[in-house]
Colleague: 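Before we start, here is the structure in question, set down as structure tokens.
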Amino acid sequence: MIANTTKIKVRGPPCRVVLALKRQLTPRVFGWDTREFSSLVLIVAILAFALFPTSIRSQPLLELGLKNGPFVDKIQFKVIPDDDQQVLALLNDEIDLIGSMIHPSFLSQLNMSESVNVVNHLRNGYGYIVINCTKYPFNITAFRRAAAFALDKYAISEDIWEGFSQPQDSCVPSMNPFSIEGQLSYSYYDANIELGNQLLDDAGFLDVDVDGFRDAPDGSNFDILVEVVQSSNMAIEVGEKMAEGLRALNINAISEPIDIPEYGIEDFDMVFLGLSFDSFDVDWLAYEFWGEHVDEPYQNMASWRNASYDRWRDQLLNSTSYEEVYEAAIEMQRVWVYECPWVICYENFHISAYRTDKFEGHVNDWSDGVPGSWTNKKAHLKADQGGPFGGTLRRSNSFDPDTFNLLSASSAYTIQVLIELYDSMMTLGPEGNDMMWLAKTYLAETHATNAAIPAGHTRFTFQLLQNATWTDGTPLTAEDVAFSLNFLRNAPRNRYRQDLLDMSAAYAPSTYTVVVEFSTESYWHLHGVAFKPVFPKHIMKEILIEDWAYWSPNPPVEEMVTSGPFNVSEYVAGEFCELTYNPNYFFGLNRSAGGEPNSTTLPSNGTPPVTSFGWFDPFGEMDLAGRVVTTGSLFVIVVVIVLWWKDTRD
């Protein structure tokens, strides 16, 4: 029941070794290995379907496409704190899917059930330990490097994750094309106590008072508390591994489970956390570890600063070519991995589990797996359950939503509820590709393509869909988008503000046209603006910019005005949060009309954008409606693919 997972014990860059072993062990068909043969067949099949679309009125779920949904009536996020309780709830049919990653230790138990399916993919994220660099002697590089060398990352992957993770050193996951992982001449994968002790000796960490523990270079005593969340057995085990490694260096260290606190600047020594990314963008490197963000809330939790790292920041943020951005990202990671403000512990496989007896259509998306937002949109009742429409999809959620204010939400457990309430101009598809959403098209311009734009500036013009509405019936227009972007830029210290600091203007020249201008050129501006949530202007204009953090929606007592596929219909603190589908959702389905789209035509991405840069290429769905290609063209394409494939194999 486990798909796409190779579990091996190796030494060396794990991804490359796994791929090499897969190639050696793959069976062959007519001289082609089955992986190549299957991929070729898949390419030809996709081309045939795309170039010769047929009438499939009898299969509305296929015809309506990826964007249309949702199909369920309700989603219930049930608060179940502990991993083992979530697994039991799934097996006992109390929930339909587990809403977070699953530890491999539960796999044998889950695999015994014929009604449960388990899938996985390599996570775009990792578990990591933050070191508080404001505290002495943790601000000394030699100490942090010694701590990294003391942690046995292979043991974590082999023993704690049972082979379902791989060691990681860089803060950019190995699956990201901007990652330096595997390119350095050294790694922290194996525990190297000898080298760690040598680093500490050379830096003056000696046992001055002969009590069996090292003292700081100034002779003072110090100890270390590694804090971990108490609800996760995996976190507890990783924290203990870190403490064991430190004790092997003769450092007085313990690990302790705690409740999740709001960490200040100096109230921890080391803390174990998890981080997952929803894109391959790495502009966050310029903010998360920037020296000037040492005292900024939600930024630079390690309070680390380094001039060599910061020197690459401008190139990362303000270059427009992939090559320059890549160089800056690599060089920043080169400094970061050496300095170790965080110790990355592993990059694991994201294991998801769900029941198959009532619902189908689950999406194992590239970022969040089956618990991701795409499953909420696409999962539907089976035919023998009266589907495809209706039903309540029950999911576990480890913690209650701590707020219904998306601007101040910081918990992943809160955000996975609130993202169902709002939309953005673009989003990411199940494979991580850019998809147009509220926007149909966009135009990106600079001075080079439009002399009216000042030199060094960037202008985006977005054309919006015209059938989106708020849940109170008010049309969603360009005024809402422009208002939201300006609000997010001006509201101090909100979590969405950083990408918009260089935005010089956002306005609506017409009802469904949004113009956004930046005073700089950057590889990252499109995602920085197009992925921001859109809020209702007629509601949010009553909130003062400086009071955004005090906005406290209270649904369902006070109904929230939202645009997304779901809205809050019931909430019992500590028990569950229930969302009900929005019958007027712009990509929704008119259930009384047999599942036809709410819009009069099937949604599409519209025409490709015109751009002066090579990096604004939306990678999402294509509009196939008007495509005319002859049978001869298809034959030529297939022949070219076969010849190319054969050439690359040889």
Side-chain angles (χ1 to χ4, degrees), residues 70 72-90 92-102 227-233 235 257-264 273-274 276 297-298 354-355 368 371-373 375-376 379 391-422 471-472 494-495 533 535-536 539-540 542-543 547-582:
V72 299
D73 285 343
K74 299 176 185 291
I75 300 176
Q76 189 178 80
F77 292 85
K78 300 183 71 171
V79 179
I80 306 177
D82 297 328
D83 297 346
D84 54 350
Q85 293 176 342
Q86 294 182 23
V87 170
L88 285 175
L90 186 73
N92 293 334
D93 195 18
E94 296 168 9
I95 57 174
D96 299 299
L97 67 87
I98 294 176
S100 56
M101 288 184 293
I102 298 166
E227 298 176 79
V228 301
V229 62
Q230 64 182 2
S231 63
S232 170
N233 293 331
I258 57 167
D259 288 325
I260 296 179
E262 290 293 329
Y263 288 103
L273 300 170
S276 294
Y298 310 112
Y354 58 96
R355 295 189 66 87
D368 299 318
S373 182
T375 287
N376 295 337
T392 298
L393 184 67
R394 305 161 300 169
R395 316 166 39 117
S396 65
N397 203 13
S398 297
F399 295 94
D400 241 349
D402 54 13
T403 179
F404 288 98
N405 178 351
L406 183 59
L407 296 174
S408 59
S410 58
S411 162
Y413 306 104
T414 297
I415 292 171
Q416 73 173 350
V417 175
L418 300 188
I419 58 172
E420 301 300 333
L421 311 185
Y422 299 98
T471 49
D472 64 358
N494 80 84
R495 60 193 296 263
F535 298 96
I539 301 297
M540 295 292 288
E542 304 300 325
I543 301 172
D547 291 340
W548 64 269
Y550 300 105
W551 176 43
S552 183
N554 184 30
V557 176
E558 301 169 0
E559 185 175 351
M560 294 181 67
V561 177
T562 62
S563 66
F566 296 93
N567 204 353
V568 181
S569 53
E570 190 173 359
Y571 172 60
V572 179
E575 294 186 24
F576 66 88
C577 180
E578 181 185 86
L579 308 182
T580 297
Y581 86 101
N582 174 5

Colleague: In the structure I gave you, are the side-chain heavy atoms of Asn582 and Thr471 within less than 4.5 Å of one another anywhere?
Modeller: yes
Colleague: Quick check on the 6.0 Å ring-centre criterion: do Tyr571 and Phe404 meet it?
Modeller: yes
Colleague: Measuring only between side-chain heavy atoms, which start at C-beta, is Asp400 closer than 4.5 Å to Cys577?
Modeller: no
Colleague: Using 0.5 Å steps for rounding, measure from the OG atom of Ser408 to the CG atom of Asn494.
Modeller: 9.5 Å
Colleague: Taking 4.0 angstrom as the limit, do Asp96 and Arg355 come out as a salt bridge?
Modeller: no
Colleague: Can you check whether Leu421 reaches Leu406 side chain to side chain, under 4.5 Å on heavy atoms?
Modeller: no
Colleague: Below 4.5 Å, heavy atoms only, C-beta onward: do Ile95 and Ile98 meet side chain to side chain?
Modeller: yes
Colleague: Arg394 side chain to Asp93 main-chain N or O, any donor-acceptor pair under 3.5 Å?
Modeller: yes
Colleague: In a check of side-chain contact (heavy atoms from CB on, under 4.5 Å) between Ser569 and each of Glu559, Lys74, Gln76, which one passes?
Modeller: Lys74
Colleague: ring-ring contact (aromatic ring centres under 6.0 Å, His included) with Tyr354: which residues, sequence neighbours excluded?
Modeller: His362
Colleague: Among Ile419, Leu579, Thr580, which one satisfies side-chain contact (heavy atoms from CB on, under 4.5 Å) with Phe566?
Modeller: Leu579
Colleague: Search all heavy atoms of Arg395 against all heavy atoms of Gly372 and return the closest pair with its distance.
Modeller: NH1-O, 4.2 Å
Colleague: Might you point out which heavy atoms bring Thr414 and Ala409 nearest each other, and give the distance in Å?
Modeller: CG2-CB, 3.8 Å
Colleague: I want to check something: taking the side chain as every heavy atom from C-beta on, are Val79 and Phe399 in contact at a cut-off of under 4.5 Å?
Modeller: no
Colleague: How long is the gap from CD on Gln85 to CG on Asn92, to the nearest 0.5 Å?
Modeller: 12.0 Å
Colleague: Compare every heavy atom of Leu393 with every heavy atom of Ala379, then report the nearest pair and how far apart it is.
Modeller: CB-CD2, 4.4 Å
Colleague: With Tyr422, which residues qualify under ring-ring contact (aromatic ring centres under 6.0 Å, His included), at least two apart?
Modeller: Phe535
Colleague: Please give me the minimum heavy-atom distance between Gln230 and Pro257, naming the atom from each residue.
Modeller: CB-CB, 3.6 Å
Colleague: With no hydrogens and no angle check, is any side-chain donor or acceptor of Asn397 less than 3.5 Å from a backbone partner on Tyr413?
Modeller: yes
Colleague: For Glu578 and Val568, what are the C-alpha separation, side-chain angles and deciding distance, and is it a side chain to side chain contact (heavy atoms under 4.5 Å, CB included)?
Modeller: CA-CA 6 Å; Glu578 181 185 86; Val568 181; over 6 Å; no
Colleague: Quick check: closest heavy atoms across Gln416 and Gly99, and the distance to 0.1 Å?
Modeller: OE1-O, 3.6 Å
Colleague: Does the side chain of Thr392 reach to within under 4.5 Å of the side chain of Ile75, using non-hydrogen atoms?
Modeller: no
Colleague: Kindly say whether Leu407 contributes a backbone atom to a donor-acceptor pair with the side chain of Asn405 at under 3.5 angstrom?
Modeller: yes
Colleague: Report yes or no: do Ser398 and Gln86 form a side-chain donor-acceptor pair below 3.5 Å?
Modeller: yes
Colleague: So does Ile543 get a backbone contact from the side chain of Asp547, meaning a donor-acceptor N/O pair under 3.5 Å?
Modeller: no
Colleague: Would a 4.5 Å heavy-atom cut-off, applied to side chains only, mark Leu418 and Ile415 as touching?
Modeller: no
Colleague: Measure the shortest side-chain to side-chain distance between Glu420 and Pro565 over non-hydrogen atoms and say whether it is less than 4.5 angstrom.
Modeller: yes
Colleague: Can you confirm whether the side chains of Ser411 and Asp402 place a donor and an acceptor under 3.5 Å from each other?
Modeller: no
Colleague: Taking salt bridge (charged side-chain N to carboxylate O under 4.0 Å, His left out) as the test, write out the residues that go with Asp83, two or more places apart.
Modeller: none
Colleague: For the pair Met540 and Trp548, evaluate side chain to side chain contact (heavy atoms under 4.5 Å, CB included) and give the outcome as yes or no after the intermediate values.
Modeller: CA-CA 9 Å; Met540 295 292 288; Trp548 64 269; over 6 Å; no
